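One structure below.
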Number of protein chains: 4
Amino acid sequence: MIAPKKRIETSPWAPFEDRRRARDEKRDAVLRMAVRMFLEEGYHRTPLAKVADRLNITKPALYNYFRSKEEILHELYRRGDEQYEASFGRIERAEGDGLHKLRELIRAYVHIITTDSGMCFARLDDRELGEDARTEVRRSKRRYDTAFRVQIAAGIDDGSIRTCNPKLAAFAIIGALNGIADWYRLEGELSVEAIAEEFALRLTDGLAAPPSRARSAAAPKAAAKSRKR
Amino acid sequence: MIAPKKRIETSPWAPFEDRRRARDEKRDAVLRMAVRMFLEEGYHRTPLAKVADRLNITKPALYNYFRSKEEILHELYRRGDEQYEASFGRIERAEGDGLHKLRELIRAYVHIITTDSGMCFARLDDRELGEDARTEVRRSKRRYDTAFRVQIAAGIDDGSIRTCNPKLAAFAIIGALNGIADWYRLEGELSVEAIAEEFALRLTDGLAAPPSRARSAAAPKAAAKSRKR
Amino acid sequence: MIAPKKRIETSPWAPFEDRRRARDEKRDAVLRMAVRMFLEEGYHRTPLAKVADRLNITKPALYNYFRSKEEILHELYRRGDEQYEASFGRIERAEGDGLHKLRELIRAYVHIITTDSGMCFARLDDRELGEDARTEVRRSKRRYDTAFRVQIAAGIDDGSIRTCNPKLAAFAIIGALNGIADWYRLEGELSVEAIAEEFALRLTDGLAAPPSRARSAAAPKAAAKSRKR
Amino acid sequence: MIAPKKRIETSPWAPFEDRRRARDEKRDAVLRMAVRMFLEEGYHRTPLAKVADRLNITKPALYNYFRSKEEILHELYRRGDEQYEASFGRIERAEGDGLHKLRELIRAYVHIITTDSGMCFARLDDRELGEDARTEVRRSKRRYDTAFRVQIAAGIDDGSIRTCNPKLAAFAIIGALNGIADWYRLEGELSVEAIAEEFALRLTDGLAAPPSRARSAAAPKAAAKSRKR
DNA sequence: CATGAATGAGGGTTCATTCAT
DNA sequence: GATGAATGAACCCTCATTCAT
């Protein structure tokens, strides 16, 4: 009821909060601009001065938010990783056979790799990073590979996926997915959902166990169902 | 027949010939060294001085064979393109339905992308090139995309491939194939042939038309066969 | 006796006084921290940000007490100079022959150069200062040189010091004393008093005129001998 | 006799030799210019661009001879060390009692510290160097200290030097000697020899053991007296 | 008073490329 | 044809200092 109440209550903290938020927003703006330019032009062909210019600040101002150009890159990878990690974790903890989860992984991957931070893993070169960060990024990449392999192996076990070399199959799928980063921006007519669905089916149909007569009735249904979404 | 004969025959030009050959061999050596180092370390992280060093020559000596670092890169792309072009042309001119040719394209692509020059298209960044060369490289890339799309479309027409979006399907396949360049060197246990065969089948089975009863007898056999290997 | 008494007495001016004192104390704290870090790391390798950090304040806060980094340095020299000036003046005004006063100067110098501000003259580089301040500092240094020379000359006159080049002798002594700043912190086992006494004797014994007839015969010989070399 | 003979004889080597000499001369010129400017202005206040300017070359040209600014500094120390090392070694291996050798060390030190490279140890700050080089320089400095201490201790043993704390005495002498670097350039009227001789005598007379019985009675008294203070 | 943010002025280093020999 | 040397253009990063809040 009393107007200043809220003000009084939050008074001691507000400045801090506001400051921090403003700061975080700026830091974020730097990252968003940087990732766009890195993706567009390439990391090493993007001087920080240009990034700063487009943000209407000066080059050293960036150093209020990051310790080095490399740290910006590292942070971009980290943000990408958070997305992958969250999505993959959710899928892994959910119910479903190997094939289903594999398709979910594909859908998730498509949704992430079509975002700026998601694209970093596919389009930026982790050799620009120092030893430690590079190791971290590569660990993430291996973790994604593994996520796919695990579901493929699970699918083979539970009969939802035909026998194959899980490692190679995972490489093929991830390769196809990473490739999206190369053409997505330029082929604007397709929605992310459409791409996700198409890849989820196209990349797995070939892996799905061939419909035995018994299964031949069920599989088409599943396919039809998933196609609806 | 006699060993020196050839020498005698070419005698007047021999110096020229020899010179030119020696020159070409050196030029070639530069390219081979350069591509390896570019692939290993990245183009812009590979100073020409290091390339020269490993060849036991000096940096300016490189300028006897190439006008610029960029020209080296350009030439590498060109050599890669020659391979793709030759293989693709041969396949396109051959007999067979869409599915067959698609598989042949995949096999050819695997064989080329596992070579140094073939890897350039997938692992080097054409944005390092100047306007003209970049345009040329991108035309090549589009041409490969098109090659795959055409066979997919042909396969859809001739019934060997199930209905799908040829552009997306081609992107998926090429993405999977380009991905090979990311892991091939590190996963040494697999032969190129094995990879080629696995990818040719794995990436197409899902695209192949659903086995009619007539076909359903044949397809499993093929699958079984490939599994044995 | 009662705690608040002092507070009550100064009551009307207390805020001002307190303020000023608080301010001076802070200014002082800055100087004490700065001198320690300048001596430890070197002036130009000590960013103000680090000084501020260790004081748990922020960099621009320093500018409330000093107009520039250079002013801090200048002030440090000034504080050192006050000490030298006070001690030297006291000695010069006291009684005693040249040798005695020379020894007193040495003792005083040791006591001052083993303090932080005293060390500034020996360990910091006055070329970091601007024209005016640098001139001032150099005037101080010359003044110290002169103080030593004057007593040496006086000693020569009054017979307490043997004939020698006063300028060179003063340089030697001051050099030896300044050198203390290079090792004092690291050779913790010696008390300032011990060092002062040792230097006062060691650096002058050779300069002192032979006190007795017995000596007057021996000393020239030694000198003659060593001169032969 | 034949003019070109020499030319022919040295022919195959001359280019190499000439090249190498020219290169070494230039490298040397860089070092000589650098040391002068470093001593004059201070290391960190001397941009490489200015050094290059005075040599009529451009900044990056310096990188043909040195890998970094720090390496130049390091090399300067090394050249200084060579001089000290050579002189000290010669003296240590020679004949003579402690006092004699101590005086020789002093003379040598004066001769070296009045040269540009010799001055580096006294006037440049080894904290500008990286870990390794700094350690090396400090080892050198300790070695010089030790050289003096050893002779003082030897002199005490052989009776040529009166009992005293060798460490402190060495510090005092080296301090006095290093101080020369602070005033030598500016006090041009004195020859190096004169300074060397004056310091050799002035700094040791006080340390020399009283030569005669006559003195042995007087000296303790003086010491006792001054100790009362 | 104190703070976060921003700036301007450099400085060291790298590297493709050119040139005289 | 090859070399050593040199250059110019960038680029990253640091830091003292200022300013609005």
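Just so it is clear, the structure is predicted and the values come from calculations on it, not from any experiment. Worth knowing before you read on, the calculation uses all heavy atoms, side chains too, and leaves out hydrogens, waters and symmetry mates. Convention: sequence-line order gives letters A, B, ...; per-chain numbering from 1.
- The main-chain N or O of C:Asp126 is never found under 3.5 Å from a side-chain atom of C:Arg134 such that the two would form a donor-acceptor pair.
- Taking the ring-ring contact (aromatic ring centres under 6.0 Å, His included) definition, one finds that D:Tyr43 meets it with D:Phe38, sequence neighbours left out.
- Within 4.0 Å of C:Lys26, counting heavy atoms only, lie sugar-phosphate atoms of the nucleic acid but no base atom.
- Taking every side-chain heavy atom of B:Lys69 into account, E:dA16 is the closest of F:dC13, F:dT17, E:dA16.
- Side-chain N/O atoms of B:Asn64 include one lying less than 4.0 angstrom from OP1 or OP2 on F:dA2.
- With the nearest nucleotide of DNA chain E identified for both B:Thr46 and A:Ala61, A:Ala61 has the one nearer the 5' end.
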How does DNA chain F read in dot-bracket, base by base from 5' to 3', with Watson-Crick or G-U pairs under 3.5 Å and | used when the partner is on another strand?
.||||||||||||||||||||
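- Within residues 123-135 of chain C, no residue has a heavy atom under 4.0 Å from DNA chain F.
- Using a 4.5 Å cut-off on side-chain heavy atoms (C-beta onward), C:Ser140 and C:Tyr77 make no contact.
- Put simply, the side chain of D:Glu128 never gets that close to the backbone of D:Glu70: no donor and acceptor are under 3.5 Å apart.
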Table please: side-chain donor-acceptor pairs of residues 52-63 of chain D below 3.5 Å, with sequence neighbours left out.
none

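- At least one side-chain nitrogen or oxygen of D:Arg23 sits closer than 4.0 Å to the OP1 or OP2 atom of F:dA5.
- The list of salt bridge (Lys or Arg N to Asp or Glu O under 4.0 Å) pairs with a residue in residues 30-40 of chain A, not counting sequence neighbours, reads A:Asp28-A:Arg32.
- Within 4.0 Å of D:Phe66, counting heavy atoms only, lies no atom of the nucleic acid at all.
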Which protein N or O atoms sit under 3.5 Å from an N or O of nucleotides 18-21 of chain F?
none

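- Salt bridge annotation for B:Glu75-B:Arg27: present, with a cationic side-chain nitrogen under 4.0 angstrom from a carboxylate oxygen.
- When side chains are defined from C-beta on, D:Glu136 counts as touching D:Arg78, because their heavy atoms get closer than 4.5 Å.
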